[in-house]
Structures are given as structure tokens and as C-alpha cells.
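Input: a single structure, listed below in C-alpha cells.
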Amino acid sequence: MHPALAVGLVFSGCCSNVVFLELLARKFPGCGNIVTFVQFLFIAAEGFIFQANFGRKRPAIPIRYYVIMVTMFFTVSVVNNYALNLNISMPLHMIFRSGSLIANMILGIIILKKRYSTSKYLSIALVSIGIFICTLMSAKQVASQSISNEEDGLASFLWWLLGIAALTFALLLSARMGIFQETLYKEYGKHSKEALFYNHALPLPGFLLLAPDIYNHAVMFSQSELFQLPLLGVQMPIMCFYLLMNVITQYVCIRGVFILTTECPSLTVTLVVTLRKFLSLIFSILYFNNSFTSWHWIGTLLVFVGTLLYTEVWNSIKTAPRKDPKEAKKD
């Protein structure tokens, strides 16, 4: 698949996925475990049928490497979603996840001994600062509201610190996983569909540890108000509808990400995912009628300039072949 199509899947799937996740989290802030479980179950079932051929197809990459990758992937997914239970707002949640660009570059330099051009360092800094400004301004607004309504300020702050620690751990582990995937694909070839299946199928037994919480939220979802599906005329609990749409959009998103990991370097994949998070934040602000200050526009400009700098658009324009005047007249 062409990388451009994969980028389209990432932006369309992930941006819409964030909307349904926020709709779920606003009603039930502790629903991260059931969301993660249903996402993993859906993608694993699809991969078992169409990729693994009901278990008859042998993996191209040894299972032991998938176990390592899965351990990191499962941990990152659960910790990121569970952080929403620890007094972490959605905008603040995006601050740390947008920091993956810098984490990926630092670990790439330390582990892979990579060296980047000055323009790459500058572009990553601009994108990260721009997203940090936007999310920080949103986080301040949410924090001021929660503090004014919070009776036990110290307990709330301690839970918030634990959430920050959890997000920091997930950030570093996610960057390490990206580098591990890159080295793995260089050795064994590109197998994005296979990696997608095993990364979601192997962790499923781990959700037994979270079974009580998953069951309780399943009951609460089933008792939510009814919603009539457009065109079909079928009614279902609205929280179940949000969960269904979250799973479908997550599949589109993660499929695009795994395709990108086989076609592009880990830093490029991280940049695409980070830009997606930025657009998701902007869309979330507009969709949920959150304020958009001048600081948000400054952050938007920094992200846009950083993206152009990273993709070296100006160099591509300068070095683009020009038609000979005589050939132009013939045309």
C-alpha cells in the first residue's frame, strides 16, 4: 500500500476515534479498560480470520519477538487509557503523547546511533513546542474547572502526579517499541498485517486481570439511554454505539499506523501520528465548543512550519526539474 493512503487512514480513523473516545470518557471517565479490550478483541478476531487463516498460517517473524513487542504494546495501551482514571484530562493526556517525537529521536540517537540534520532537529522542536502550547492552554482551562469543584485538593493532586508518571512511562516505552519494530522489519521484512494481528491477539489473556472492571462498565454501558441507528432503524444503548464506532475507527487508525511502520522510518511514523494528535486536539476543541485562544493559533503556526521544515518542501521545490524552454513550447 502506498504510504500516502496509509497516512489518510491514520488521519481519518484516528481523528474520528478521538471524538468517540471523548464522548465515552466524558460520561464514564474510568472506561479505559473496556475500550482497550474491545479494540483488541475486534482487531484480533479480524486478523485470526483473514491474516492467520484460522491459525493455519505460520508467522514470518518468530513468535518470541512478537511476545516482546506485544508486552510493550499492551502495556502502553493499558497505561495510556488507564491514565484517564487518574485525574488526567483529555488535553493533558495529549501533551505527553505528543512528546513522542522527542522521545523517539532521543532513543534513536542512543540505541540506533542515528544522526539527523539540523533542520530535522529544528522541525521536531517546532512541532513539539507547538503542540505543547495548544494542549497546555486547554489543560489549564480544564484544570481550573476541576480544582474549583474538588473538595480534597491534596488527594486530587497526588492522583494527578501518579497519572503524569504513568504517561511518562508509556511515552518512553512507546518510543522504544517503535525502534524495536523498525529493527525487526529490517531483519525479517515488512509484515504489517501479521504484526497487527499478533500485537492484538497475544495480549488478550492479560485482560483477565481487568475482568471485573470491564464487566462493570459493560453493564453500565448497556443501561445507558437508547439510540436509533440511522438508516437501519435499530435501537441500541448510546454508549454501546459510541464504543462500536470507537472500535471501528481505531481499526482504521491502527491499520494505517502499522502500514506506515513497514514503509517509513520510525521518526517519520512518529511525526505523522503526532500531527494526527494535533489535528484531533483542534477538532476536539471545535467540536466540543472549547475555547480557542491566541496561544492555540501560535501553536498551530509552529506545527505547520515545523511540518514543512521536516518534509523539506522548500528543498523539493528548489530541486524540482524544470522543463527546457524549447520543450515547453512544444507542449
Side-chain angles (χ1 to χ4, degrees), residues 9-50 77-94 97 138 141-142 145-146 149-150 163 196 200-201 203-204 206-256 276-277 279-291:
L9 292 176
V10 171
F11 278 88
S12 60
C14 297
C15 289
S16 53
N17 174 262
V18 169
V19 174
F20 291 108
L21 178 60
E22 188 159 351
L23 288 170
L24 290 166
R26 282 194 168 201
K27 186 71 174 179
F28 297 102
C31 67
N33 290 331
I34 188 174
V35 172
T36 307
F37 169 70
V38 177
Q39 289 174 353
F40 274 54
L41 182 63
F42 176 83
I43 295 174
E46 187 272 344
F48 182 73
I49 297 171
F50 297 104
S77 299
V78 172
V79 171
N80 271 329
N81 283 334
Y82 192 76
L84 295 172
N85 300 7
L86 302 174
N87 205 28
I88 298 294
S89 65
M90 188 65 73
L92 186 58
H93 196 269
M94 292 182 183
R97 301 187 74 175
S138 300
Q141 295 166 358
V142 176
Q145 295 173 1
S146 61
N149 298 328
E150 182 63 48
L196 182 64
H200 288 80
L204 286 178
F207 284 100
L208 291 174
L209 301 173
L210 308 172
D213 181 72
I214 293 173
Y215 175 77
N216 291 335
H217 279 88
V219 172
M220 289 188 286
F221 279 17
S222 65
Q223 295 174 348
S224 61
E225 60 181 293
L226 295 178
F227 172 78
Q228 185 169 341
L229 297 178
L231 301 179
L232 299 178
V234 179
Q235 288 188 334
M236 66 184 302
I238 191 167
M239 299 307 294
C240 293
F241 171 73
Y242 290 156
L243 182 61
L244 175 64
M245 295 305 298
N246 178 270
V247 169
I248 294 174
T249 53
Q250 174 68 9
Y251 173 75
V252 174
C253 170
I254 200 71
R255 180 71 179 272
R276 187 278 304 170
K277 293 170 186 173
L279 290 180
S280 297
L281 175 64
I282 300 300
F283 183 80
S284 175
I285 289 172
L286 297 177
Y287 184 82
F288 290 101
N289 296 321
N290 295 319
S291 61

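Sequence positions, counted from 1, serve as the residue numbers for this chain.
- Not a single donor-acceptor pair under 3.5 Å links the side chain of His217 to the backbone N or O of Asn33.
- Summarising the geometry, atom CE belonging to Met239 is positioned 6.5 Å from atom SG belonging to Cys31; distances are rounded to the nearest 0.5 Å.
- Rounded to the nearest 0.5 angstrom, Met236 CE and Leu244 CG are separated by 5.5 Å.
- Relative ring orientation between Phe221 and Phe28 is described as tilted, the plane-to-plane angle lying within the 30° to 60° band.
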Taking only distance into account, with no hydrogens and no angle test, what donor-acceptor pairs under 3.5 Å do side-chain atoms of residues 38-48 form with protein atoms, sequence neighbours excluded?
unit_1 : atom_1 : unit_2 : atom_2 : d
Gln39  : NE2    : Asn246 : OD1    : 2.6
Glu46  : OE1    : Tyr251 : OH     : 3.4
Glu46  : OE2    : Tyr251 : OH     : 3.1

Pair Leu210, Phe37 - check side chain to side chain contact (heavy atoms under 4.5 Å, CB included), show working. CA-CA 9 Å; Leu210 308 172; Phe37 169 70; over 6 Å; no
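- Under the 4.5 Å side-chain criterion, counting only non-hydrogen atoms from C-beta, Phe227 is in contact with Leu229.
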Is there a side chain to side chain contact (heavy atoms under 4.5 Å, CB included) between Leu196 and His200? Walk through the geometry before answering. CA-CA 6 Å; Leu196 182 64; His200 288 80; 3.5 Å; yes
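- Scanning all heavy atoms of the two residues, the minimum distance from Gly13 to Cys253 falls at C-CB, 3.8 Å.
- Going from atom CD of Gln250 over to atom OG1 of Thr36 covers 8.5 Å, rounded to the nearest 0.5 Å.
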Starting from the C-alpha separation in whole Å, work towards a yes-or-no answer on side chain to side chain contact (heavy atoms under 4.5 Å, CB included) for Tyr242 and Met245. CA-CA 5 Å; Tyr242 290 156; Met245 295 305 298; 6.0 Å; no
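- Interatomic distance, Phe207 CZ to Ile34 CD1, rounded to the nearest 0.5 Å: 11.0 Å.
- The stretch residues 9-21 participates, sequence neighbours left out, in these side chain to side chain donor-acceptor pair (under 3.5 Å) pairs: Asn17-Thr249.
- Every pair tested for side chain to side chain donor-acceptor pair (under 3.5 Å) that includes a residue from residues 218-227 fails, sequence neighbours excluded, so the list is empty.
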Can you list the steps and then say if Leu243 with Val35 is a side chain to side chain contact (heavy atoms under 4.5 Å, CB included)?
CA-CA 7 Å; Leu243 182 61; Val35 172; 4.0 Å; yes
